[in-house]
Every structure is written in C-alpha cells, then in structure tokens.
There are 2 protein chains.
Amino acid sequence: MPETADGPGTTEDPAAPGRRTRRNDPERRDRIIDACLDVIVERGVAGASHRKIAEAAGVPLGSMTYHFDGMNELLREAFHRFALGVSDRFERRMAEAADAQEAAAAVVALVTGDVLATRRDLVLTSELYTLAAREPEFRDLTNRWMARSRAALGRHFDPVTAIMLDALIEGLTLHRGLDTDPYDAAVVVEAVERIVRSGD
Amino acid sequence: MPETADGPGTTEDPAAPGRRTRRNDPERRDRIIDACLDVIVERGVAGASHRKIAEAAGVPLGSMTYHFDGMNELLREAFHRFALGVSDRFERRMAEAADAQEAAAAVVALVTGDVLATRRDLVLTSELYTLAAREPEFRDLTNRWMARSRAALGRHFDPVTAIMLDALIEGLTLHRGLDTDPYDAAVVVEAVERIVRSGD
DNA sequence: ACATCATATGTACGATCGTACGCATGGTGA
DNA sequence: TCACCATGCGTACGATCGTACATATGATGT
C-alpha cells in the first residue's frame, strides 16, 4: 500500500483501537499541498480531485474544504511551492558559480542533468504553463518565476543575455524532456556557448 | 446565441416544423474536430466534454460516440490537426525564404508576429505538451512535429543549428506568450542572430 | 471535574461526466 | 411504390465531481 509517510495522528491510537485522533496536526496543510503535487504528477491537474488528494495525504475529505477555500486556492499554493522550489535550486546553482564560464556550465548541467530534467518537473511545469496560458492568476506566478530566473542569470550575464538564456533553457529543457531520444548534451553546450559568447 | 455556423441539416426542415433532418452530413466529423479545438481553447482539455463539443459543433451528443471511439481518439485527431496546421504554416514560411538570412528573418517574424504568437496557439500548444508529458501517444505527435520543424529549418541551416533554433523558438514563443509585458522584439532578433551566426 | 466552543470531519446533494444501447430514419434495390 | 437495414441519434445509467453543513471532538479555562 502506498500509505506514504504516516503523519501524526494518522495511525490508530493504540490505547483505543478503532478510534482515530486527528486533532492538532500543524503539518497537515503542508502535507495536503505536497500530496496535491504528487497527484498532479500522476494524474494531471484534471485528475487531481479533492478526494484523490485527501487519500494521498491521508486526511479526510472534509479537511480539503476546511484548509483551502476551494480547488483553485489549493492549486495556486501547490504550484507556488513547486515554482519556488525549482527557483531556489536554480538560484543556488547560479550563486555557486564563480564567473560567467562556471555559470554557463551550470546552466548546461541544469538542462541536461537532474534538476530541471526530471519527469516530475517536466510534468508540473507543463501543467502550470497550461493553467497560466488561460488564467491570469497563474500567469502572475510564472512571471515571477521567470523574473527570478533572469535575476539569477543576471549575476553573471547582462540583462539581455539573461532573457535569451532563460528562453533557451526553457526550450531546450522542454524539447529534451519530450524527445523520445534526446540529442546529445554537446548540442546544449554549443547552444549556451553561442548565446553567451556574443554577450561580453 | 453562439450557435456558430449552422451545419447542413442543423436547421429545422421548413416543410416539417419540429422535425430535424440530420442524415448525409459528410463534413460532420470534421466540424466536430474543429469544435473540439475551439472548446479546448476556451475551456481547456479538462473542460472539453462530449456535451460541450457537441453543442459547439451543432451536433447531437450521440454523434460523439458514433464518430469517435472515445474521448482519447477525438483529442488525438484534434491535436493532430492542430500540429499539422501550425507545421504547415511554418514549413511554408521556411520554403519561401530564399537564403539563411531571410529564413532567420522569417523565424523572428513567426515568434514576434501572428503565426505562433496567437493566444490560441499558445493555449493549444501548452495543452498538447501537458498531454505529451504524461502519455507516450501524444509524445509521438510532438516528436513528429519537432522533427518536421527541424527539417524545415534544415533547408537553410545545418542540423545542429536547426535543433538549437527549434528550441530557442519554443522558449521565446512560450516566454513571450506568457510574459505580462513581453520584452522588445529586438531581443528576439539578437537571439536568433547569435544562434545562426556561429553556424556557418 | 466539567462546561464550553473553536476546530475538525462525515455525509449528503446537485451537477456533470463518459459511455452504451434501443429505436427512429430515410436512402436504396427490387 | 415499398420493404429493408445500415446509419445516426435520444436517452438513461452509474460514477465522480466540488462543495456545504450539521455534528462530533477534545483542548482549555474555571
């Protein structure tokens, strides 16, 4: 059974079998948000219902409407957390780079490697963009995300180069993620080089 | 009332009020597919139900299961048509370009202009990628689309440059489409130039 | 120890969904 | 002209959805 990471109070009270104590669970809200992302990865936003998320989080259905004012708020918080997480990792990598050359190498590593190229990240990013393409509320979220990425790139590159790099990263990640057999990483190296080389 | 473009047989038979003649409508299947795309643009794949699509196409609900073997087949055909259309327009633009310089200009025009930058195209592309990220069936579709784009670019650029340009176009289009106030078109010109300049 | 009440949850409702299937329909060959 | 039957459609069914709300629960102050 999946029953992942039993939260506090989820298990039965040994002293009173058959009864469940659920009160006083401060992390419940967080768990719901995480479970929401998990369900989205597996079933998509379309398949992410209150019931599925509640089951995945190990909380009763009633907790959904109690902690969140409707599905939209839950989605907003979930994708906010996701974008923040990816953004943090990106920012950290850029901060760790000593100069533009290291930064370029870090960008290549992010695209070809483990951070942006996860199936989970690909799915969640696509789902978020789909929401953003239709609802301004989520578009604000993606805009803040893009702005943060460009700012992180701005540590090492001029603003225009940062914008172009940001777009290139997006396209490369997306295409490599969707491609049945992704082209060689050398292409990524070359592409990044072409963009940053002229930016000095 | 929306009741767009009454198809043949959709209106009442003047000779027999209250009766409807629906037989012999060869374009019905096509109309359903087009209506499907319209509904997806407006409500998303999640909101594209048989009933909504049937209403938009001006056909009875029964026609849905009659012409298509389930929702998945309808989606597959609809997105196939969409990808083919965009691909055709892209191909044509590339074919019209006399040399690499004109091709580069065409790429800029496509990204900043009217073909790829429509809200409709943005929404449909996002929705398709979201499906592709999860289901291999739709991933094949996007793969064929990407292959065709690269082949079209291959008329004027070497294969590696074509791959990079393809990714750049994707990222630029997506970011410009989602950006609340898109950066200047000059950035697009510069980015394309940087990618193709080193490709000679 | 006990009354109190904010916190938390179980349940029920109306809407909408995809799909199956029996029947109406009208083109067609005799 | 008319019977026939492939084509096309109206309708009903079971499932699932988001959400509201009455009620259970247990922490807390006295």
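Below, each value reflects all heavy atoms present in this structure, side chains not excepted, and no hydrogens, waters or symmetry copies. Lettering follows sequence order; numbering is per chain, from 1.
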With A:S126 as partner, the option from B:T130, B:L131, B:L128 fulfilling side-chain contact (heavy atoms from CB on, under 4.5 Å) is B:T130
Within 6.0 angstrom of A:D99 CG, more than 12 heavy atoms from elsewhere: yes
Which nucleotide wins on minimum distance to the side chain of A:T65, given the candidates C:dT11, D:dC21, D:dG8? D:dC21
What residues from residues 66-77 of chain B pass a heavy-atom cutoff of under 4.0 Å to DNA chain C? B:G70, B:M71
Gap between atoms CE and C1', on B:M64 and C:dT19 respectively (whole Å): 13 Å
Below the 4.0 Å mark, does C:dT16 have OP1 or OP2 next to a side-chain nitrogen or oxygen of B:K52? no
Under-4.0 Å side-chain N/O to phosphate OP1/OP2 contact, A:S63 with C:dA8: no
Got a salt bridge between B:E27 and B:R31, using NZ or NE/NH1/NH2 to carboxylate O under 4.0 Å? no
Would you say the side-chain atoms of B:R194 and A:T161 include a donor-acceptor pair closer than 3.5 Å? yes
Please report, rounded to the nearest Å, how far the P atom of D:dG10 is from the CZ atom of B:R51. 13 Å
Of A:G62 and A:G47, the one whose nearest nucleotide on DNA chain D sits closer to the 5' end is A:G47
Over how many whole Å does the gap from B:L61 atom CG to D:dC9 atom C1' extend? 9 Å
Report yes if at least one side-chain N or O of B:R29 is closer than 4.0 Å to OP1 or OP2 of D:dG8; otherwise report no. no
To the nearest angstrom, the NE2-P distance between B:H50 and C:dA20 comes to 10 Å
Measure CZ/B:R43 against C1'/D:dC17 and give the value in whole Å, please. 17 Å
Would B:Y66 end up clustered with B:M64 when hydrophobic side chains under 4.5 Å apart are linked, directly or stepwise? no
Does C:dC17 have OP1 or OP2 under 4.0 Å away from a side-chain N or O of B:S49? yes
Would you list the pairs meeting side-chain hydrogen bond (donor to acceptor under 3.5 Å, both in side chains) in which at least one residue belongs to residues 177-186 of chain B, sequence neighbours left out? A:N143-B:T180, A:R150-B:D179
Residue A:H80 excluded, over 12 heavy atoms near NE2 under 6.0 Å: no
